[in-house]
Undergrad: 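What follows is a structure written as structure tokens; I'll ask about it next.
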Amino acid sequence: MSFPSHRPRRLRATAALRKLTAEVRIDNSQLILPAFIREGISEPAPLQSMPGVVQHTTDSLKRAAFEAVELGLGGIMLFGVPATRDATGSAGVDPDGVLNKAIADVKAEVGNDLVVMSDVCLDEFTDHGHCGVLTPDGAVDNDATLEIYARMAVIQAQSGADVLGPSGMMDGQVAVIRQALDEAGLKDTAVLAYAAKYTSAFYGPFREAVDSQLSGDRKTYQMDPANRREAMLEVELDLEEGADMVMVKPAMSYLDIVADVAAMSPVPVAAYQISGEYAMIEAAAANGWIDRKPAILESVLGIRRAGADMVLTYWAAEIARWLKESN
Ligand code: PBG
């Protein structure tokens with residue numbers, strides 16, 4: 001009988017060997033916590049489709065941000081849920097609007113100990129739920145939307161955001177935001193471009209989280225899940241327009257895109273493990289069908305292995321707690 005000449009199992013024999021030879025790790029500083037702030041509530045409101053995630057009050061958001069600092073997270077990404085909406089999303093450009101106030105509150109709480117990021121998009125603020133304003137015949141008007149994004153970006157940066165995350169997939173959004181920031185003297189505010197953002201069924205629970213008014217879909221502006229090469233075009237355009245970092249979203253069904261972007265991007269690459277990815281694992285775990293903690297860790301490790309430098313995940317704080325305990 002002949003013996004195997006190669007024995008990869010040698011390095012799997014003990015936890016210590018496995019730890020030494022792990023090719024990627026998750027570090028708390030690479031995790032970004034997405035968080036929702038809702039106007040006009042006095043208690044945090046749990047989300048049915050995302051067990052463990054809430055719409056925050058100002059106080060609970062500040063506590064979450066403080067905890068994020070203690071855990072050594074990399075950042076927090078803020079989304080606002082306004083009490084009133086209109087056709088142009090005017091609450092988004094109101095300095096006293098829910099998101100802009102939350103940015104200021106969180107920044108006052110964490111200073112420079114946590115990167116404060118905010119969503120630059122209209123869907124949370126419009127009464128039709130689209131990421132842009134509409135033409136009279138109901139199409140999403142790219143260029144009219146850009147003007148509003150530019151104003152939103154300046155107000156968010158003035159409120160204290162370190163990094164802006166334009167997520168609406170309007171053509172040219174990074175360029176107008178960069179230009180508006182520079183003209184307003186906000187040259188140090190960075191842009192994390194949602195470069196390759198796909199239209200996805202996995203955004204479902206997020207729509208509950210922001211109380212979305214959308215009927216229909218976002219297929220005329222978000223990318224077609226069939227397209228891989230097109231992600232390169234989106235990333236290249238955003239880089240040309242001045243993106244400081246680029247994002248792929250969703251993550252788990254798009255690991256090929258994460259790997260492609262990681263291979264070509266000269267700037268840091270983020271991936272967003274979105275609401276439906278969270279909900280799937282939580283639901284399966286709640287049914288006893290999968291083991292929750294290892295499933296969560298494996299899912300985020302896979303996104304890191306594909307090449308993401310940082311991961312937005314609703315489990316950021318919980319993962320950070322686990323990793324802190326195990327170190
Ligand atoms: C748009 C935006 C969405 C998400 C983040 N930013 C919703 C969408 O594009 O429909 C989804 C995030 C998630 O599902 O966790 N402002």
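Both counts, for ligands and for their atoms, begin at 1 and track the order of listing. Counting from 1, the numbers follow the sequence of the chain as shown.
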Undergrad: Where on C121 is there a heavy atom closer than 4.0 Å to ligand 1, on the side chain, on the backbone, on both, or on neither?
TA: side chain
Undergrad: Have D27 and S29 got a donor and an acceptor in their side chains that come within less than 3.5 Å?
TA: yes
Undergrad: Do K249 and ligand 1 have an N or O pair less than 3.5 Å apart?
TA: yes
Undergrad: For atom OH of Y203, is the number of surrounding heavy atoms from other residues, nucleotides or ligands below 6.0 Å larger than 12?
TA: yes
Undergrad: Tell me whether ligand 1 is touched by M169 - counting only heavy atoms on the residue side and a distance under 4.0 Å.
TA: no
Undergrad: Quick check: closest heavy atoms across P34 and F79, and the distance to 0.1 Å?
TA: CB-CE1, 4.0 Å
Undergrad: Please identify which atoms of ligand 1 are closer than 4.0 Å to at least one heavy atom of E124.
TA: 16 (N)
Undergrad: For the residue pair N100 and P95, establish whether any side-chain heavy-atom pair is separated by less than 4.5 Å.
TA: no
Undergrad: For Q273 and S299, run side-chain hydrogen bond (donor to acceptor under 3.5 Å, both in side chains): C-alpha distance rounded to whole Å, both residues' side-chain angles, the deciding distance at 0.1 Å, then the answer.
TA: CA-CA 9 Å; Q273 185 179 48; S299 72; 2.9 Å; yes
Undergrad: Select the closest option to atom 7 (C) of ligand 1 among Y221, F206, Y203, Y272, judged by heavy-atom distance.
TA: F206
Undergrad: With the threshold set at under 4.0 angstrom, would you say Q273 reaches ligand 1 through any of its heavy atoms?
TA: no
Undergrad: Tell me whether ligand 1 is touched by Y278 - counting only heavy atoms on the residue side and a distance under 4.0 Å.
TA: no
Undergrad: Provide the number and element of each atom of ligand 1 under 4.0 Å from a heavy atom of Y314.
TA: 12 (C), 13 (C), 15 (O)
Undergrad: Is it the case that the ring center of Y254 lies less than 6.0 angstrom away from the ring center of Y272?
TA: no
Undergrad: What do we get for D123 next to ligand 1 when only non-hydrogen atoms under 4.0 Å count, side chain, backbone, both or neither?
TA: side chain
Undergrad: Is there a side-chain contact between Q30 and D309 (heavy atoms, below 4.5 Å)?
TA: no
Undergrad: Mark the output for Q222 as yes if a heavy-atom distance to ligand 1 is under 4.0 Å, and as no if none is.
TA: yes
